[in-house]
Amino acid sequence: MSSTGLKENPSKGSRKTISLNKQIEIPSSTLKTYKYDFLVFIGRFQPFHNGHLAVITQALKLSQKIIICIGSAGAARSLRNPFTASERSKIILEALPSDVREQVVFVNIKDRTYNDTAWVEEIQSSVAGVVGEYGDKQSRIGLIGYSKDESSYYLNLFPRWKSENVSQKVIFNSTDIRNDFFRSNPLISEHVVPAATFGFLKEFLSNDAYAFLVAENKFISNFKKQFETLAYPPTFNTVDAVIIQSGHILLVRRGAMPGRGLSALPGGYIRSDETLINSMIRELREETGLKVPVPVLKGNIQSVQTFDDPHRSARGRIITQAYLVKLPDGPLPKVKGGDDAAHAEWVELATLKAENFFEDHYDIIQVMKSRLS
């Protein structure tokens with residue numbers, strides 16, 4: 001093992017070489033002395049901006065390999081997560097000089113909205129895989145980023161990795177860039193994003209997904225205008241039904257904005273004159289036509305949990321209460337979409353994919369499934 005912590009490969013001659021890439025070998029005499037063998041950079045990069053680029057630029061000076069964890073991988077396109085993991089990886093690579101791109105390794109990380117432990121475990125496992133390929137147990141691993149707000153809390157979740165905080169005079173904000181970009185007439189600010197991001201955003205203007213997200217952004221804006229005169233932004237309460245039977249879950253396909261066309265749990269806003277459980281049953285029947293008797297539904301509730309991630313909905317602060325109902329195994333009852341659900345169907349649990357779901361409904365299902373008995 002070399003002093004750099006990366007694996008050595010003997011050459012045919014007397015010169016020792018160190019492999020940074022399976023296809024590229026560089027003489028050890030030309031290698032820089034780095035503080036780390038691997039630096040981990042975690043982010044959603046929605047989109048990749050100059051602040052992100054500054055972190056990677058610093059990381060390239062400190063570490064032989066940069067492991068970039070692309071967050072929210074596999075999520076459905078939304079105003080908060082408009083670009084796919086592959087699109088973001090491509091932008092980042094194109095933003096870097098060609099002679100340093102071999103130092104970068106990408107790993108995709110899925111959201112675990114209500115399970116930080118699982119999220120940390122996935123990152124640990126992904127990083128360990130990269131280290132196992134290019135280094136060993138003695139490799140020096142660090143975490144790099146910049147503390148800009150409460151969204152940077154993850155920097156404290158990996159105590160065994162030394163943290164490198166990159167201070168920045170100007171704080172760039174992906175949220176502000178997205179808010180501008182999805183207006184009807186966006187002004188793409190070249191001074192806040194690298195040329196690679198600017199070029200991608202210009203091309204994305206002709207993507208069908210862009211037109212859909214612009215329309216959704218307009219819908220959200222109009223929705224929020226109803227409450228502009230209130231002293232405080234409103235907090236809404238909703239309910240969701242997680243109905244499981246014989247290895248299947250009952251889902252609807254949304255027929256209206258936001259999230260039109262995406263899979264979702266049956267549910268909706270509660271009325272002022274009903275309890276939460278009665279609201280859940282009403283919404284379930286309105287959206288799916290499920291005719292299971294109320295006593296059977298109530299008698300088979302296995303778990304109830306509140307889901308309150310502040311970013312779970314673009315519409316504003318919406319707190320939902322989910323009910324897990326496990327019906328007795330047997331033939332699946334007939335269902336039919338109604339109200340604002342375009343379609344209702346029983347779906348095999350093994351076939352669920354995050355990319356098909358509205359908001360955090362996939363994460364809710366994962367949490368509630370763990371409560372099944």
Side-chain angles (χ1 to χ4, degrees), residues 39-59 66 68-73 75-85 87-96 106 109 111 113 119 143-157 163-205 209-210 213-214 216-221 223-225 228 233 258 309-318 359-360:
L39 268 178
V40 181
F41 185 23
I42 305 168
R44 291 192 305 116
F45 312 109
Q46 295 275 20
F48 184 69
H49 55 58
N50 286 339
H52 299 134
L53 181 59
V55 173
I56 295 178
T57 300
Q58 180 65 10
I66 316 301
I68 300 180
C69 299
I70 305 292
S72 299
R77 289 194 195 268
S78 66
L79 292 171
R80 189 164 188 261
N81 290 301
F83 311 121
T84 67
E87 288 168 345
R88 287 174 277 160
S89 297
K90 185 173 184 290
I91 291 170
I92 294 171
L93 207 58
E94 291 180 351
L96 301 177
F106 294 97
I109 305 297
D111 283 336
T113 307
W119 183 79
L143 182 68
I144 194 166
Y146 62 103
S147 300
K148 62 184 180 74
D149 53 33
E150 69 279 357
S151 67
S152 304
Y153 77 99
Y154 69 86
L155 293 173
N156 298 316
L157 295 178
S163 182
E164 294 284 344
N165 185 36
V166 180
S167 61
Q168 299 189 17
K169 294 181 180 179
V170 178
I171 298 299
F172 299 94
N173 193 316
S174 292
T175 301
D176 293 338
I177 297 172
R178 292 195 307 272
N179 287 343
D180 176 77
F181 184 61
F182 291 111
R183 297 186 302 113
S184 297
N185 295 297
L187 297 173
I188 306 174
S189 302
E190 290 185 78
H191 67 284
V192 299
V193 296
T197 303
F198 182 77
F200 169 82
L201 293 178
K202 286 189 67 176
E203 290 185 7
F204 197 76
L205 293 173
Y210 177 75
L213 290 172
V214 167
E216 187 149 290
N217 186 50
K218 184 176 181 180
F219 173 87
I220 295 295
S221 297
F223 178 84
K224 290 182 174 180
K225 284 180 180 178
E228 287 180 344
D309 183 75
H311 305 292
R312 64 179 303 269
S313 179
R315 292 166 289 178
R317 189 74 170 106
I318 299 180
E359 293 184 342
D360 62 345

Distance (rounded to the nearest 0.5 Å) between [X] [atom1] and [Y] [atom2]:
X    : Y    : atom1 : atom2 : result
I109 : I42  : CD1   : CD1   : 7.5 Å
H311 : D360 : NE2   : CG    : 12.0 Å
E190 : N50  : CD    : CG    : 11.0 Å
R80  : T175 : CZ    : OG1   : 7.0 Å
I144 : N165 : CD1   : CG    : 9.0 Å
F41  : I66  : CZ    : CD1   : 10.0 Å

Which atom names give the shortest non-hydrogen contact between [X] and [Y], and what distance separates them?
X    : Y    : result
F48  : T197 : O-OG1, 2.8 Å
V166 : A54  : CG1-O, 4.5 Å
V40  : C69  : CG1-SG, 3.8 Å
H52  : S174 : CE1-OG, 3.6 Å
R88  : S72  : NH2-O, 3.5 Å
L143 : L39  : N-CD2, 3.8 Å

If only atom types and distance count, is the side chain of [X] paired as donor or acceptor with the main-chain N or O of [Y] below 3.5 Å?
X    : Y    : value
D111 : T113 : no
K224 : A314 : yes
R44  : N81  : no

Does any non-hydrogen side-chain atom of [Y] lie less than 4.5 Å from one of [X]?
X   : Y    : answer
Q58 : E164 : no
L53 : I92  : no
I91 : F45  : no
L79 : I220 : yes

Subject >> Partner of Y210 under ring-ring contact (aromatic ring centres under 6.0 Å, His included), chosen from F200, F181, F83 >> reply: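 Of all the options given, the one that passes is F181.
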
Original post:
Which of these, N179, D180, N185, sits in a side-chain hydrogen bond (donor to acceptor under 3.5 Å, both in side chains) with R183?
Top reply: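 Only one option passes, and that is D180.
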
Original post:
Can R77 and E87 be counted as an ion pair, charged N to O under 4.0 angstrom?
Top reply: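 Salt bridge between R77 and E87, a charged N being under 4.0 Å from a carboxylate O: yes.
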
**OP:** For the pair R315 and E359, find out whether any cationic side-chain nitrogen is under 4.0 Å from an anionic carboxylate oxygen.
**Re:**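 Between E359 and R315 there is a salt bridge, with a charged N closer than 4.0 Å to a carboxylate O.
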
